2 protein chains.
Amino acid sequence: MGAQLSQAYAHLVRQLESIAFLSNDDKMQLSTLQFQTKSIAQRHDVMIHGAKSSSCCIIVKGVMCRYKMVRGGKRQILSFHLPGDVLDLQCLDLDFMDHSIQAMTPCEVAFFSQQALAELMMNSPSLNLALRRHAAVDASIFREWILNVGRRDALPRIAHLFCEVFARTRALGIDDGRRFTFSLTQSEIADATGLSAVHVNRTLQHLRKQQLISSRGSSHTIIDTPGLERAADFDPAYLHLRMPQAA
Amino acid sequence: MGAQLSQAYAHLVRQLESIAFLSNDDKMQLSTLQFQTKSIAQRHDVMIHGAKSSSCCIIVKGVMCRYKMVRGGKRQILSFHLPGDVLDLQCLDLDFMDHSIQAMTPCEVAFFSQQALAELMMNSPSLNLALRRHAAVDASIFREWILNVGRRDALPRIAHLFCEVFARTRALGIDDGRRFTFSLTQSEIADATGLSAVHVNRTLQHLRKQQLISSRGSSHTIIDTPGLERAADFDPAYLHLRMPQAA
DNA sequence: CGTCTAATTGAAGCATCTCAACATGCGTGG
DNA sequence: CCACGCATGTTGAGATGCTTCAATTAGACG
């Protein structure tokens, strides 16, 4: 339990530091936040479309996604979220959820009270800014996804998704610095890119043939990062990371 | 000049009131804001991708759009903005623009200082909330656009765009309550929906044949609102409007 | 009235989708 | 430890939605 709390704290700090400057005082204040951690089974929803958005939580472990359904049962994934991501900074001010949030892997999340967060933001202007930046970056990523889905062909579109996942993970300092591997079902990729699962399958084969990635089941490894970024037309500027994302 | 100032004020109030409650005191405080108005010629950029985002402005008159280019020169429009919209609540906290903003019609915008806005938000918690809601609704609209572009066919996709423009205009109390007409070039519709201009042309013909809309040049009129909403799979919930959008 | 932009049309090609079958891998219960 | 069942990945074939190119028409404006 204590370990989870400190892990939640560490991830949140890393996440915020990837996009904003935090003073030691800021970190101290963050560490006083009261958490309540909870495990979420894979494929379970943490927030449901239409429900009142009350609680505020950050991801401690695992990957989650926002998604929305369309008439006819098709699903569109709207964003991925990694450890340290604050899930509903944007939704807290709204009366109900306009989408759902699901655990793509088994997850740990830390819930904390809206008031505690509000007080924190009142007390520390720099933390306030960091959290606002976090929400602003989320919005920027949404915009890039509109572009990705609207104007890129299947191959660059999937490649772009992979580049983003890699860049954001790297920004958290989670990856081992060498080969980057992540897990994503072909139909999850399909839902995130607005393609059919079959076409994702074929496009992944192209990416493999071009030696940009390799896959084992639903586990994908980026082999040639610069090549993949070229294929994806990827420019990480929209992530608004503080550090140049060194390889 | 005075007229423009009060118009800017009126639009901002209407915009915020469409999504949040404002007290008389809030409105009073808003009315003390110092504006500087400026005319923007059609097709001119107010903000440019990559530039530092410093100023903060609201639209007084006209329609603007956010957009982004992709390798190969294709454009993707990310959102439309109507009078009263605050343009860069989200971008102020970021170091540079990750997209551009353009006047789709001749526009009037009111610039005001970032500090004045910050003070206002400090002084009034309810105005603070209203402006945060405004940004949150923007993000919600981005999410709906990802869904629209990713998972809807051309006809419902264009229909959805039209429904949104109508619903948001109606929420401002701008339309005359009867037939709703707006101006949008076919290639602008193409850029907003991720389609080609030619296909937009053909799809508009379908919409006309189905008696849902009529067009004269780049001017479109919604004839059958419920029918169009049905065709679009449109649910206005994601706009988070306070009022049920009465016809 | 010419000039320019935007809308329209036709034809051909390609990207992507759907359907349907089959293969592979993995976890679980026997 | 094996056998089964389920989820996922793979493949083929045919259909279609959308794009591109290129030519033509229609409007808007000085």
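Note that this is a predicted model, so its numbers are computed, not measured. Computed from heavy atoms alone, side chains included, the values below leave out hydrogens, waters and symmetry copies. Throughout, a chain's letter reflects where its sequence line sits, starting with A, and its residues are numbered from 1.
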Self-check item: Geometric cation-pi criterion, B/R170 with B/F166: 6.0 Å, 45°
Solution: yes
Quiz item: Got a second to check how far B/S79's OG is from B/F142's CZ, nearest 0.5 Å?
Solution: 4.5 Å
Quiz item: Can you name the closest pair of heavy atoms from A/N148 and A/L161 and give their distance?
Solution: ND2-N, 4.4 Å
Quiz item: Base, sugar-phosphate alone, or nothing: which one does A/S218 contact when heavy atoms must sit under 4.0 Å apart?
Solution: sugar-phosphate
Exercise. Determine the minimum heavy-atom distance between B/L228 and B/A159, stating which atoms define it.
Key: CD1-CB, 3.8 Å
Quiz item: Which residue pairs pass the ring pair (Phe, Tyr, Trp, His ring centres under 6.0 Å) test with at least one member in residues 190-223 of chain B, sequence neighbours excluded?
Solution: B/F162-B/H220, B/F182-B/H220
Quiz item: Contact boundaries of DNA chain D with chain A (under 4.0 Å, heavy atoms), 5' to 3'?
Solution: D/dT8 to D/dA13
Self-check item: Under 3.5 Å side-chain donor-acceptor pair for A/D224 and A/Q211
Solution: no
Quiz item: With no hydrogens and no angle check, do the side chains of A/E108 and A/S39 hold a donor and an acceptor under 3.5 Å apart?
Solution: yes
Self-check item: Shortest non-hydrogen separation from A/E164 to A/L239 and the atoms involved
Solution: CG-CD2, 4.3 Å
Exercise. Output the residues of residues 148-162 of chain B in contact with DNA chain D, where contact means a heavy atom of the residue under 4.0 Å from an atom of the strand; sort by number or write none.
Key: B/D153, B/A154
Exercise. Would you mind reading off the bend of the helix from C/dC1-D/dG30 to C/dG30-D/dC1 from its two end axes, five pairs each, to 10 degrees?
Key: 40°
Practice problem: Could you list the residues that satisfy salt bridge (Lys or Arg N to Asp or Glu O under 4.0 Å) with A/D85, not counting sequence neighbours? | Solution: A/R168
Exercise. With sequence neighbours excluded, give me every ring pair (Phe, Tyr, Trp, His ring centres under 6.0 Å) pair touching residues 42-72 of chain A.
Key: none
Quiz item: Which ones in residues 191-210 of chain A lie close to DNA chain C, meaning a heavy atom under 4.0 Å from one of its atoms?
Solution: A/G194, A/L195, A/S196, A/V198, A/H199, A/R202
Quiz item: Excluding sequence neighbours, so at least two apart, what forms salt bridge (Lys or Arg N to Asp or Glu O under 4.0 Å) with A/D98?
Solution: B/R143
Quiz item: When rounded to the nearest 0.5 angstrom, what distance separates OG in A/S214 from CD1 in A/I222?
Solution: 10.0 Å
Quiz item: Looking only at heavy atoms, which two atoms of B/H134 and B/G84 are closest? And how far apart?
Solution: NE2-O, 4.4 Å
Quiz prompt | Nearest non-hydrogen partners of A/L172 and A/P83, listed with the distance | solution = CD1-O, 3.4 Å
Quiz item: Are B/S100 and B/R66 close enough that a side-chain donor and a side-chain acceptor fall under 3.5 Å?
Solution: no
Quiz item: Which two nucleotides bound the region of DNA chain C that has atoms under 4.0 Å from heavy atoms of chain B, read 5' to 3'?
Solution: C/dA6 to C/dA11
Self-check item: Sequence neighbours excluded, every pair satisfying salt bridge (charged side-chain N to carboxylate O under 4.0 Å, His left out) that has a member inside residues 144-163 of chain B
Solution: A/K68-B/E144, A/D191-B/R151, B/E144-B/R152, B/R152-B/D233
Quiz item: Looking at residues at least two apart in the chain, or sitting in another chain, which of them share a salt bridge (Lys or Arg N to Asp or Glu O under 4.0 Å) with B/D88?
Solution: none
Quiz item: In residues 69-78 of chain B, which residues come under 4.0 Å of DNA chain D by heavy atom?
Solution: B/K74
